[in-house]
Amino acid sequence: MAQPAPGLETIALGIGTLGMALGTLAFIAMGAGETNEKKQEFYIITIFIAAIAAVSYFSMFMGFGVIEVVVDGEALVIYWARYADWLFTTPLLLLDLALLAGASRNTIATLVGLDVAMIITGLVGALATEGAAMRIAWWGISTGFFVVLLYFLVSTLSKNAAQKSGDVAALFSTLRNLVIVLWTAYPIVWIIGTEGTLGLIPLGVETAAFMVLDLAAKVGFGFILLRSRDVLDQASAPS
Ligand code: RET
């Protein structure tokens with residue numbers, strides 16, 4: 001029997017799986033032979049970010065990690081596996097940035113706490129069945145945590161990074177700006193996509209948009225960080 005042509009959704013999830021898997025392998029290769037324990041931290045964290053996403057994408061590609069949520073009599077297709085991925089990978093991305101900036105444990109804990117609150121409240125919004133207004137209220141709460149998180153990135157963390165060498169501070173600024181721009185697109189895609197119930201973009205387009213964002217925010221971010229070996233040297237030198 002002829003198989004139906006794969007939709008944009010399946011293609012996007014397939015590209016996401018391959019991209020994350022290749023990113024994982026590339027980061028492993030880049031980190032091989034690194035003997036400085038402080039520098040190894042960046043490689044280990046970044047390898048796990050890509051590996052967790054590869055597994056999450058593969059599960060969604062295989063049709064796992066997705067459920068139907070009925071809101072105002074309409075069935076929405078929700079990929080909850082994304083949140084399982086983001087719950088672990090977004091704190092790890094912040095940890096990479098925080099280690100680069102030389103942040104204190106308290107700053108790291110604050111960033112991770114805000115981030116986890118953002119992802120969990122976003123998940124509650126994605127699964128809420130009480131009606132569109134309730135879902136959008138959760139989006140607002142999640143976005144509130146996100147705005148405070150951005151505040152810490154541009155205030156405390158940037159101040160920490162400014163005390164590092166010029167190269168470290170410059171790499172931090174590049175990565176911080178990348179995070180600000182890319183991460184801000186997520187709540188926008190969420191609200192105009194299936195989750196926001198406004199139905200402005202179909203699920204296939206939303207899946208493709210998240211795939212491009214995820215690859216840039218994880219593999220793109222990782223390449224910029226890990227290719228800067230001598231900058232990582234300076235970042236991990238005792239100050
Ligand atoms: C959600 C729900 C709606 C409100 C906000 C959100 C923010 C999500 C972000 C996700 C970042 C993901 C990354 C993945 C890695 O590749 C949860 C969509 C604010 C910022 C960077």
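Keep in mind it's a predicted model, so treat the numbers as computed, not measured. Values below: every heavy atom of this structure, side chains too, minus hydrogens, waters and symmetry copies.
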Check: [Y] main-chain N/O paired with [X] side-chain donor or acceptor under 3.5 Å:
{"X": "S236", "Y": "K38", "answer": "no"}
{"X": "T90", "Y": "L87", "answer": "no"}
{"X": "T207", "Y": "A12", "answer": "no"}

Should D230 and K39 be marked as a salt bridge (charged side-chain N to carboxylate O under 4.0 Å, His left out) after you check the CA-CA gap, both sets of side-chain angles, and the distance that decides it?
CA-CA 10 Å; D230 47 330; K39 276 172 78 181; over 6 Å; no

Could you check whether any side-chain heavy atom of [X] comes within less than 4.5 Å of a side-chain heavy atom of [Y], counting everything from C-beta outward?
{"X": "L157", "Y": "L111", "result": "yes"}
{"X": "F221", "Y": "D96", "result": "yes"}
{"X": "Y151", "Y": "V147", "result": "no"}

For F48, does the CZ atom have more than 12 heavy-atom neighbours from other residues, nucleotides or ligands under 6.0 Å away?
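For F48, atom CZ is not crowded (no more than 12 foreign heavy atoms under 6.0 Å).
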
State whether the number of non-hydrogen atoms from other residues, nucleotides or ligands found under 6.0 Å of F210 atom CZ is greater than 12.
yes

Flag for [Y]-[X]: side-chain donor and acceptor within less than 3.5 Å:
{"X": "S104", "Y": "T107", "result": "yes"}
{"X": "T197", "Y": "R135", "result": "no"}
{"X": "Y79", "Y": "E9", "result": "yes"}

For the residue pair W183 and F146, does the interplanar ring angle fall in the parallel (under 30°), tilted (30 to 60°) or perpendicular (over 60°) class?
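Answer is parallel, since the angle falls under 30°.
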
Tell me if the centroids of the rings in F58 and F64 come within less than 6.0 Å of each other.
no

Looking at W86 versus Y83, is the centre-to-centre ring distance below 6.0 Å?
yes

Before you tell me yes or no, could you show the steps for Y43 and I28 under side-chain contact (heavy atoms from CB on, under 4.5 Å), namely the whole-Å CA-CA distance, both residues' side-chain angles and the distance that decides it to 0.1 Å?
CA-CA 7 Å; Y43 288 92; I28 292 173; over 6 Å; no

Worked verdict on Y57 versus D214 for side-chain hydrogen bond (donor to acceptor under 3.5 Å, both in side chains):
CA-CA 10 Å; Y57 264 93; D214 282 348; 2.8 Å; yes

